[in-house]
Chemist: 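Could you have a look at this structure, given as structure tokens, before my questions?
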Amino acid sequence: MDRIRKAFEHALAEYLPGQDIVIERPKSGELGDLAFPCFRAAKATGKNPAQMATELAAQINLELDGAELVAAGPYLNLKLRPEARAREVLGGLLGDRPYGAAEKNGQKIIVEYSSPNIAKLFTIGHLRSTMIGHGLVQVHRFLGYDVVRLNHLGDWGTQFGTLIAAYKRWAEAENPQLDLDFDWADPAPDDRRTPLFRLFQLYVRFHAEEEKDPAMRDQARDWFRALETGDAEARRLWTWFREISLKEFLRIYDRLGVGFDTYTEGEAFYENKLSDTVKALEAKGLLQDGERGARIVDIEDVGISTPCMVVKADGGSVYATRDLATGIYRRDHYHYDRCIYVIGAEQILHMQQVFAVLKKLDPDWFTEGKVIHAPFGLISLPDGKMSTRKGNVIFLEDVLDEAVTRVLAIIEEKNPDLPRKTEVAEMLGIGAVIFFNALNDRVKPFTFTWDRVIALDGDTGPYVQYAHARIMSILRKGASDISLPDHAQFDQHARPTTQPDGDKTAFIQYKQVNFKAIPFDDSTPEPVGLDSPFAQELLFELAGFPTAIRLAQEQLQLAPIARHLIVIARAFSGFYTNCPILKGDFEDPNIQRWRLALCVATARALRQGLFLIGIEAPEEM
RNA sequence: GCACCCAUAGCUCAGGUGGACAGAGCAGCGGCCUUCUAAGCCGCAGGUCGUUGGUUCGAGUCCAACUGGGUGCACCA
């Protein structure tokens with residue numbers, strides 16, 4: 001389609017010299033494959049847009065086989081004949097390269113995402129940063145960028161004082177390994193009898209009790225100070241807490257199919273870099289005295305009235321200090337082209353402050369767009385904000401488990417003989433949750449309800465997966481001259497591992513799918529059997545898939561991909577119900593071949609898109 | 001008080017750089033399983049795009065003010 005777009009652009013440029021030629025996609029495939037809105041050009045030449053479209057349609061000779069120009073009101077549309085469209089789209093989708101993927105472009109992107117706090121359990125809120133970040137990683141790799149995946153672990157701070165104090169108070173004596181249930185707390189659910197869960201219980205209890213006994217706060221502070229000054233006992237517990245937390249995190253990442261290149265560059269990593277950061281700011285003359293002796297950077301000149309505090313009155317560091325140190329370290333260590341922070345929208349001001357200070361510190365490096373915040377809206381509960389401290393949260397694992405349970409019930413009802421039920425249920429249940437997140441990937445906050453997040457009908461992950469499974473079923477039954485993708489091979493590429501040096505491949509290799517009967521080269525015969533409006537609409541939507549991926553990269557959000565997957569799946573359903581593939585009575589056997597080719601192309605696009613947002617596609621469901 | 005974000009069908013949301021008729025899903029009602037998976041398909045019904053002005057040939061989209069909601073505003077992260 002790129003080839004045709006270029007030819008169209010060229011032809012238009014010839015007739016409209018000196019004008020910006022912007023080519024769009026029509027609203028539907030019925031109108032054409034490409035559209036040129038004549039408004040601007042008409043205005044520049046003082047013509048009526050509709051008249052101009054008519055004139056251009058008559059004048060321009062495209063010299064493209066199978067393409068015609070049609071004036072539709074103020075639009076000049078390029079419309080391919082059904083056969084030409086089929087050839088064009090299928091040729092792109094059934095080639096060696098993943099559809100819409102780009103060559104390496106030499107640019108390096110680093111993405112910081114997930115970044116959970118040690119000793120806390122993943123909530124539904126963590127899904128946002130984790131999966132949006134993962135999706136952005138996939139999309140950038142797909143488009144040819146080198147990507148570094150960073151997990152900025154919350155492994156430092158006063159909460160460690162809290163944890164150590166709580167551990168000392170309630171656990172050390174009778175439950176030192178945290179391997180027993182506490183008699184003062186609800187027992188952990190069966191599948192969550194982990195040290196991390198009990199650590200979390202300690203944390204919640206401490207916060208509850210310190211309300212009544214403020215002296216406990218001092219103990220927590222003291223322990224954190226001990227940790228900062230290198231006290232051996234504090235250090236030992238910190239290391240251990242970090243370990244048991246990370247172990248659980250990795251298990252969940254594995255379940256989600258997410259991974260990172262490093263887990264070591266968390267907040268603790270930057271502790272010994274803070275004083276240098278402050279010195280660098282000092283050297284640049286950026287630090288000023290603030291209230292009560294705090295040290296601040298004034299950023300009013302860039303429109304931010306709240307100054308960025310870097311040093312507290314007591315000389316301690318704050319969040320911003322760590323983020324500044326992080327920014328500097330990454331500049332020196334990664335030499336990136338762009339650094340993306342996938343962090344909640346409630347931190348917009350904070351990120352603006354940090355970016356503003358970084359720009360003052362090194363305007364040559366931190367240019368516009370060099371560091372960028374990809375924010376997402378907060379998830380709240382029907383009765384208010386989630387609070388880990390208060391314990392009114394929805395845990396991510398509970399959501400995933402519930403989704404899988406609901407899917408299993410449906411499988412038992414509709415397809416009880418399905419092989420590998422548990423695995424399929426896992427793919428579908430988790431897919432539903434992840435897809436919902438991708439579809440709602442936006443700045444608007446939303447209220448969590450079980451039925452919304454785990455919906456299985458309508459515009460959902462399972463809807464897309466279902467379309468894919470139906471195709472695979474057809475191919476199993478009828479595609480004797482099409483070799484199917486090897487499932488093991490697919491899994492290997494589809495699931496990025498949690499190993500730092502693991503997965504480097506962002507897209508599925510489909511070398512296993514070969515069209516022996518219909519090679520795509522100049523000798524490829526005219527496609528037949530695809531002139532139905534349903535087939536044509538499906539082809540049109542498949543053609544729009546690369547645009548959706550590029551849009552996702554530009555906007556740093558996954559919604560365009562999720563939405564387009566729905567559109568493709570819906571178009572396929574139309575094709576599926578209206579155009580027989582295996583059961584048809586074809587006078588020309590090539591009709592069936594070409595319809596099968598369209599099926600393979602669709603499956604490939606669906607899998608690829610699901611993969612980009614982090615979802616697996618079972619072959620049967 | 002100041003800043004940022006948001007406001008489209010009963011509900012949840014789409015509507016890249018203003019432009020082809022404001023579209024989906026859910027919920028509701030009515031059809032479709034002796035043919036490739038009914039987790040599906042088809043149809044019906046449902047909207048003064050928060051309000052008022054402005055810019056423009058053209059505004060759901062841009063600007064201003066207002067109303068309503070969310071978030072943030074230096075010694076927590």
Side-chain angles (χ1 to χ4, degrees), chain A residues 22 24 26-28 31 35 37-40 42-43 48-50 72-75 77 117 154 156-159 267 290-297 303-320 322-323 344-350 352-353 375 377-378 380 385 407 410-411 413-415 418 428 432 439-440 442-447 449 451-452 455-463 465-467 469-478 547-548 550-551 554-555 559-560 563 566-567 569-570 573-574 576-584 595 599 620-621:
Chain A
V22 180
E24 302 175 350
K27 301 248 178 210
S28 103
L31 291 161
C38 298
F39 303 100
R40 239 167 267 171
K43 195 177 182 183
N48 170 307
Y75 289 85
N77 293 332
N117 282 337
W156 201 253
T158 40
Q159 79 264 26
E267 289 178 352
E291 290 166 20
R292 291 160 49 194
R295 305 280 282 159
I296 61 167
V297 179
I304 303 170
S305 55
T306 312
C308 182
M309 189 177 65
V310 178
V311 184
K312 293 194 284 188
D314 65 4
S317 63
V318 282
Y319 188 32
R322 278 187 261 281
D323 272 359
E346 69 276 13
Q347 298 199 39
I348 286 176
L349 175 62
H350 170 255
Q352 285 175 339
Q353 290 177 314
L378 200 72
S380 56
K385 244 181 170 177
V407 169
I410 295 174
I411 291 176
E413 177 198 327
K414 306 200 181 217
N415 196 0
L418 180 73
L428 295 175
L439 202 61
N440 284 279
R442 53 172 196 281
V443 184
K444 289 185 208 177
F446 84 90
T447 304
T449 61
D451 289 341
R452 269 187 80 191
L456 303 170
D457 310 309
D459 290 354
T460 63
Y463 177 80
Q465 289 166 317
Y466 183 63
R470 280 170 140 183
I471 296 173
M472 297 316 285
S473 169
I474 287 176
L475 297 184
R476 271 195 305 277
K477 288 176 182 165
T547 310
R550 253 176 272 128
L551 194 60
E554 282 166 28
Q555 300 183 341
R563 281 183 213 301
I566 292 285
V567 167
R570 187 169 297 135
S573 290
Y576 178 89
T577 46
N578 290 286
C579 302
I581 297 154
L582 300 176
K583 300 286 167 106
R595 289 187 178 171
C599 284
E620 226 180 315
M621 62 187 267

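Bear in mind that the values here come from a model prediction, so they are computed numbers and not experimental data. Numbered from 1 within each chain, the chains take letters A, B, ... in sequence-line order.
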Chemist: Under a 90° cut-off about 0 for the syn range, is B:C33 syn or anti?
Modeler: syn
Chemist: Report which part of the nucleic acid A:Pro307 touches: base, sugar-phosphate, or nothing (heavy-atom distance under 4.0 Å, all strands).
Modeler: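 Result for A:Pro307 = base.
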Chemist: Let me know the distance between CG of A:Leu31 and C1' of B:C21, rounded to the nearest Å.
Modeler: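 My rounded result for the distance is 11 Å.
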Chemist: Both distances below 3.5 Å, Watson-Crick or wobble geometry, any strand: find the nucleotide opposite B:A59.
Modeler: none
Chemist: Could you report the tightest heavy-atom contact between A:Val22 and A:Pro37, atom names first, then the distance?
Modeler: O-CD, 3.5 Å
Chemist: Closest to the A:Phe39 side chain: B:C41, B:A39, B:G19?
Modeler: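 Selected nucleotide: B:G19.
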Chemist: Taking the P atom in each of B:C6 and B:G31, what is the distance between them to the nearest angstrom?
Modeler: 44 Å
Chemist: In whole angstrom, what separates A:His350's NE2 from B:U71's C1'?
Modeler: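 Answer to the nearest Å: 16 Å.
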Chemist: Could you work out which one of B:A24, B:G72, B:U37 sits closest to the side chain of A:Leu349?
Modeler: B:G72
Chemist: Side-chain N or O of A:Arg470 less than 4.0 angstrom from OP1 or OP2 on B:A38?
Modeler: yes
Chemist: Both distances under 3.5 Å, Watson-Crick or G-U wobble: report the partner of B:G25, or none.
Modeler: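 WC or wobble partner is B:C11.
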Chemist: When you compare B:C57 with B:G10, how far apart are their P atoms, in angstrom units rounded to a whole number?
Modeler: 35 Å
Chemist: Over all heavy atoms of both residues, which pair between A:Ala455 and A:Ala432 is shortest? Give the atoms and the distance, please.
Modeler: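 Minimum heavy-atom contact is O-CB, 3.9 Å.
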Chemist: In whole angstrom, give the distance that lies between atom CZ of A:Arg442 and atom P of B:U12.
Modeler: 11 Å
Chemist: Is there a Watson-Crick or G-U wobble partner for B:G40 with both distances under 3.5 Å, and which nucleotide is it?
Modeler: B:C32
Chemist: Out of B:G40, B:U35, B:G16, which has the shortest distance to the side chain of A:Tyr463?
Modeler: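 Nearest nucleotide to the side chain: B:G40.
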Chemist: May I ask you to decide whether A:Arg570 forms a salt bridge with A:Asp459, counting only side-chain N to carboxylate O separations under 4.0 Å?
Modeler: yes
Chemist: Nearest whole angstrom, please: distance from the C1' of B:C73 to the CD1 of A:Ile304.
Modeler: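 For the pair A:Ile304 CD1 and B:C73 C1', the rounded distance is 12 Å.
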Chemist: Base, sugar-phosphate, or nothing for A:Ala467, non-hydrogen atoms under 4.0 angstrom?
Modeler: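 Counting heavy atoms under 4.0 Å across all strands, no contact is made by A:Ala467.
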Chemist: What is the separation between atom CZ on A:Arg563 and atom C1' on B:U12, rounded to the nearest whole Å?
Modeler: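 Taking CZ of A:Arg563 and C1' of B:U12, I get 11 Å after rounding.
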Chemist: Where each residue is assigned the nucleotide of RNA chain B containing its nearest heavy atom, which of A:Lys583 and A:Glu267 is assigned the position nearer the 5′ end?
Modeler: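 Counting from the 5' end, the first nearest nucleotide belongs to A:Lys583.
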Chemist: My understanding is that a pair needs two contacts under 3.5 Å, Watson-Crick or G-U wobble. By that rule, which nucleotide pairs with B:C2?
Modeler: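 For B:C2, the partner nucleotide comes out as B:G72, under the 3.5 Å rule.
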Chemist: Does B:G72 have its OP1 or OP2 closer than 4.0 Å to a side-chain nitrogen or oxygen of A:Tyr319?
Modeler: no
Chemist: Can you tell me how far C1' in B:U34 sits from the matching atom in B:C26, rounded to whole Å?
Modeler: 33 Å
Chemist: Spell out, as yes or no, whether a donor-acceptor pair under 3.5 Å connects the side chain of A:Gln353 to the backbone of A:Pro307.
Modeler: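 Yes.
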Chemist: For B:C13 versus B:U52, give the span between their P atoms, rounded off to a whole number of Å.
Modeler: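 B:C13 and B:U52 have their P atoms separated by 24 Å.
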Chemist: Under 4.0 Å between any heavy atoms, over every strand shown, what does A:Cys38 touch: base, sugar-phosphate, or nothing? Just pick one.
Modeler: nothing
Chemist: Side-chain N or O of A:Ser473 versus OP1/OP2 of B:U37: is the shortest distance under 4.0 Å?
Modeler: yes
Chemist: When the C1' atoms of B:C5 and B:A45 are considered, how many whole Å apart are they?
Modeler: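 Here B:C5 and B:A45 have their C1' atoms 34 Å from each other.
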Chemist: Output the single nucleotide from B:A39, B:C36, B:A74 whose closest atom is nearest the side chain of A:Ile410.
Modeler: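 Between B:A39, B:C36, B:A74, the one nearest the side chain of A:Ile410 would be B:A39.
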Chemist: Using heavy-atom distances to pick each residue's nearest nucleotide on RNA chain B, tell me which of A:Pro74 and A:Gln347 is more 5'.
Modeler: A:Pro74
Chemist: So does A:Arg295 get a side-chain nitrogen or oxygen closer than 4.0 Å to the phosphate oxygens (OP1/OP2) of B:C75?
Modeler: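 Negative; the distance criterion is not met.
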Chemist: Taking atom P in both B:G53 and B:C42, compute the distance separating them and give it to the nearest angstrom.
Modeler: 42 Å
Chemist: Tell me the closest heavy-atom pair linking A:Gln555 and A:Pro560, and the distance in Å.
Modeler: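 Here A:Gln555 and A:Pro560 meet closest at OE1-CG, 3.8 Å.
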Chemist: Base, sugar-phosphate or nothing for A:Glu291? Non-hydrogen atoms, less than 4.0 Å.
Modeler: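 Touches a base.
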Chemist: For the residue pair A:Ile304 and A:Leu349, establish whether any side-chain heavy-atom pair is separated by less than 4.5 Å.
Modeler: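 They are in side-chain contact.
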Chemist: Check this for me: does the side-chain of A:Asn440 come within 3.5 Å of the base of B:A14 through a donor and an acceptor?
Modeler: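 No.
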Chemist: Looking only at non-hydrogen atoms, find the nearest pair between A:Leu582 and A:Lys477 and report the distance.
Modeler: CD1-CB, 3.8 Å
Chemist: For A:Asn48 and B:G19, what is the distance between atoms CG and C1' respectively, to the nearest whole Å?
Modeler: 14 Å
Chemist: For A:Asp459 and B:A24, what is the distance between atoms CG and P respectively, to the nearest whole Å?
Modeler: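 So the two atoms are 11 Å apart, to the nearest Å.
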Chemist: Taking atom C1' in both B:G47 and B:C21, compute the distance separating them and give it to the nearest angstrom.
Modeler: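 So the two C1' atoms sit 14 Å from each other.
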Chemist: Taking the C1' atom of each, how far is B:C49 from B:C44, in whole Å?
Modeler: 23 Å
Chemist: Does a side-chain N or O of A:Lys444 approach OP1 or OP2 of B:C13 to a distance below 4.0 Å, or not?
Modeler: no
Chemist: Establish, with yes or no, whether the OP1 or OP2 oxygen of B:G19 is under 4.0 angstrom from a side-chain nitrogen or oxygen of A:Arg40.
Modeler: no
Chemist: What's the closest nucleotide to the side chain of A:Pro26 if the choices are B:A74, B:A39, B:A20?
Modeler: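 The answer is B:A20.
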Chemist: Does B:G50 have a Watson-Crick or wobble partner in any strand here, with both distances under 3.5 angstrom, and which is it?
Modeler: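 Pairing partner: B:C66.
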Chemist: Nearest to the side chain of A:Ile581, which nucleotide is it out of B:A74, B:C36, B:C76?
Modeler: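 Nucleotide nearest to A:Ile581's side chain: B:C36.
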Chemist: Considering only side-chain heavy atoms of A:Arg292, which listed nucleotide, B:A39, B:C75, B:U37, is closest?
Modeler: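 When the side chain of A:Arg292 is considered, B:C75 is the closest of B:A39, B:C75, B:U37.
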Chemist: Of all the nucleotides listed (B:C41, B:G16, B:C36), which has the minimum atom distance to the side chain of A:Gln555?
Modeler: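 The listed nucleotide nearest to A:Gln555's side chain is B:G16.
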Chemist: Let's see if you can work this out: which of B:C36, B:C41, B:G72 has an atom nearest to the side-chain heavy atoms of A:Glu346?
Modeler: B:G72
Chemist: Treating A:Thr577 as the side-chain partner and A:Ser573 as the backbone partner, does any N or O pair qualify as donor plus acceptor under 3.5 Å?
Modeler: yes
Chemist: Looking for any heavy atom pair under 4.0 Å, which part of the strands does A:Leu439 touch: base, sugar-phosphate only, or nothing?
Modeler: nothing
Chemist: Grab the CD-P distance between A:Glu620 and B:U37 for me, whole Å please.
Modeler: 9 Å
Chemist: Answer with base, sugar-phosphate or nothing: what part of the nucleic acid does A:Ala313 contact at a heavy-atom distance below 4.0 Å?
Modeler: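 The answer is base, as A:Ala313 lies within the cut-off (heavy atoms under 4.0 Å) of a base atom.
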Chemist: Under 4.0 Å, counting only non-hydrogen atoms across every strand here, what does A:Ile411 touch: a base, just sugar-phosphate, or nothing?
Modeler: base
Chemist: For A:Arg452, is the CZ atom crowded, meaning more than 12 foreign heavy atoms sit under 6.0 Å from it?
Modeler: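 It does: A:Arg452 CZ has more than 12 such atoms within range.
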Chemist: Nearest to the side chain of A:Val443 - B:C13, B:C75, B:C5?
Modeler: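 The closest nucleotide is B:C5.
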Chemist: Indicate whether OP1 or OP2 belonging to B:A20 is found under 4.0 Å from a side-chain N or O atom of A:Lys27.
Modeler: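 Checking A:Lys27 against B:A20: at least one side-chain N or O falls below 4.0 Å of OP1 or OP2.
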Chemist: Please check: side-chain N/O of A:Arg442 versus main-chain N/O of A:Gly377, any donor-acceptor pairing under 3.5 Å?
Modeler: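 Not confirmed, A:Arg442 side chain does not pair with A:Gly377 backbone.
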Chemist: Give a yes/no answer on whether the side chain of A:Lys414 brings an N or O atom under 4.0 Å of OP1 or OP2 in B:A39.
Modeler: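 Yes, because at least one side-chain N or O of A:Lys414 sits under 4.0 Å from OP1 or OP2 of B:A39.
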Chemist: By centroid distance (under 5.5 Å) and plane angle (under 30°), are A:Tyr576 and B:G40 in a stacked arrangement?
Modeler: no
Chemist: Verify the stacking flag for A:Tyr75 against B:A20: centroid separation must be under 5.5 angstrom and the ring planes must differ by under 30 degrees.
Modeler: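 Ring-base stacking flag set for A:Tyr75 and B:A20.
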